[in-house]
Number of protein chains: 2
Amino acid sequence: MIYSSELIKGTLKTIVLKMLEDNRKMYGYEITQKVKELTKDRIQLTEGALYPTLHALENDGLLTTETEYIGKRMRKYYSLSPSGKGKAKERVSELADFMETMKLLLDIQIKPA
Amino acid sequence: MIYSSELIKGTLKTIVLKMLEDNRKMYGYEITQKVKELTKDRIQLTEGALYPTLHALENDGLLTTETEYIGKRMRKYYSLSPSGKGKAKERVSELADFMETMKLLLDIQIKPA
DNA sequence: AAATATACATAAGATTCCAATGCATCCAAA
DNA sequence: TTTGGATGCATTGGAATCTTATGTATATTT
């Protein structure tokens with residue numbers, strides 16, 4: 001199943017924050033690949049959505065960056081700042097709560113973990 | 001907890017379709033109240049979002065309408081068309097699947113129903 | 001040698017939602 | 001009895017978010 005793009009809306013920031021919470025330090029392309037892998041190809045982040053989001057999170061002080069070169073190719077690593085760590089927890093828990101609510105609202109049966 | 005509005009994005013159409021699937025015939029204001037009630041005030045649909053959505057669904061042939069007057073006050077009832085019924089099931093099941101995926105991605109523990 | 005993958009980024013446009021506003025009716029309380 | 005709150009429709013302007021397309025460049029695989 002491929003999700004209609006509408007569903008992804010509003011969750012991208014949360015996904016990015018969570019990936020960085022789990023992995024400490026990642027670069028953009030790596031995030032797209034990790035998400036693709038973890039979701040078995042169901043969610044494929046587009047670069048046009050991802051990079052602006054990373055920049056916005058950085059602008060908000062939630063991410064810090066460091067640039068590395070692999071050969072001549074640039075890699076821009078992103079990490080959670082202290083406030084980013086707080087924000088990550090906040091966002092994930094908010095989404096979890098929202099999903100609980102949607103489950104009730106839509107009569108959706110969710111398999112236990 | 002009040003959800004940051006971003007989360008609602010992408011789910012509004014699904015919510016509306018589901019409400020009409022369960023209730024056969026509803027008017028706009030009734031939908032906002034029902035959703036508010038079912039979610040214990042956590043989701044409050046705004047009119048600026050709801051009405052354009054209802055019109056869009058109607059335009060897509062998923063909803064039919066009938067107007068009634070209660071005294072002098074107009075009421076516009078919305079119902080699922082045959083294709084709307086199919087779409088409702090499709091959307092809800094897509095959202096359920098998406099939530100499963102997000103659960104895995106974000107390590108969220110969901111309580112069993 | 002060419003195609004694919006890696007890796008960054010921006011721009012134009014569509015979609016979607018919110019906040020604000022407007023109109024009108026009905027009902028309850030002051 | 002009149003005033004405020006709830007009911008009920010709707011639109012508009014603007015913000016936010018994502019997609020598609022494009023651009024640049026290097027590395028790897030075929």
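Keep in mind that this is a model prediction, so the values were computed, not measured. Quick note on labels: first sequence line is chain A, next is B, and so on, each numbered from 1.
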Between A:Ala49 and B:Ala49, which has a closest nucleotide on DNA chain D that is more 5'? B:Ala49
Calculate the interatomic distance between B:Tyr51 atom OH and D:dT12 atom C1'; express it in whole Å. 16 Å
Residues passing the side chain to side chain contact (heavy atoms under 4.5 Å, CB included) test with B:Glu47, sequence neighbours excluded, are B:Tyr51
DNA chain C contacts made by residues 66-78 of chain A, counting heavy atoms under 4.0 Å: A:Arg73, A:Met74, A:Arg75, A:Lys76, A:Tyr78
Residue-phosphate contact under 4.0 Å: A:Thr46 side-chain N/O, D:dT19 OP1/OP2: yes
Distance, rounded to the nearest Å, where A:Met26 contributes CE and C:dC8 contributes P: 11 Å
note: A:Leu54, atom CG; D:dT17, atom P; distance rounded to Å ~ 14 Å
Is the backbone of A:Gly61 close enough, under 3.5 Å, to the side chain of A:Ser81 for a donor and an acceptor to pair up by distance? yes
For A:Asn59 and D:dT17, give me the distance from atom CG to atom P, rounded to whole Å. 13 Å
Please classify the nucleic acid contact of B:Gly48 as base, sugar-phosphate, or nothing, using heavy-atom distances under 4.0 Å. base
Calculate the interatomic distance between A:Glu37 atom CD and C:dA5 atom C1'; express it in whole Å. 16 Å
Side-chain N or O of B:His55 less than 4.0 angstrom from OP1 or OP2 on D:dC9? no
With the side chain defined as heavy atoms from C-beta on, B:Leu12 is closest, among C:dT16, C:dT10, C:dC17, to C:dC17
For atom CG of A:Leu45 and atom C1' of D:dT17, their distance in whole Å: 14 Å
Taking OH from A:Tyr27 and P from D:dA27, how many angstroms apart are they, rounded to a whole number? 14 Å
Rounded interatomic separation in angstrom, taking CD from B:Gln33 and C1' from D:dC9: 14 Å
Tell me whether the side-chain N/O atoms of B:Lys13 come closer than 4.0 Å to OP1 or OP2 in C:dT15. no
When hydrophobic residues are tied together by side-chain contacts of less than 4.5 Å, even through go-betweens, does B:Tyr29 share a cluster with B:Leu38? no
Let me confirm one number: the CE-OG1 distance from A:Met26 to A:Thr32, rounded to the nearest 0.5 Å. 8.5 Å
Does C:dC17 have its OP1 or OP2 closer than 4.0 Å to a side-chain nitrogen or oxygen of B:Thr53? yes
Output all residues satisfying side chain to side chain donor-acceptor pair (under 3.5 Å) with A:Thr53, sequence neighbours left out; order by chain, then residue number. none
Once the angle between the rings of B:Tyr78 and B:His55 is folded into 0 to 90°, is it parallel (under 30°), tilted (30 to 60°) or perpendicular (over 60°)? tilted
Report which part of the nucleic acid A:Glu47 touches: base, sugar-phosphate, or nothing (heavy-atom distance under 4.0 Å, all strands). base
Please answer whether the main-chain N or O of B:Arg24 pairs with a side-chain N or O of B:Ser79 as donor and acceptor at a distance below 3.5 Å. yes
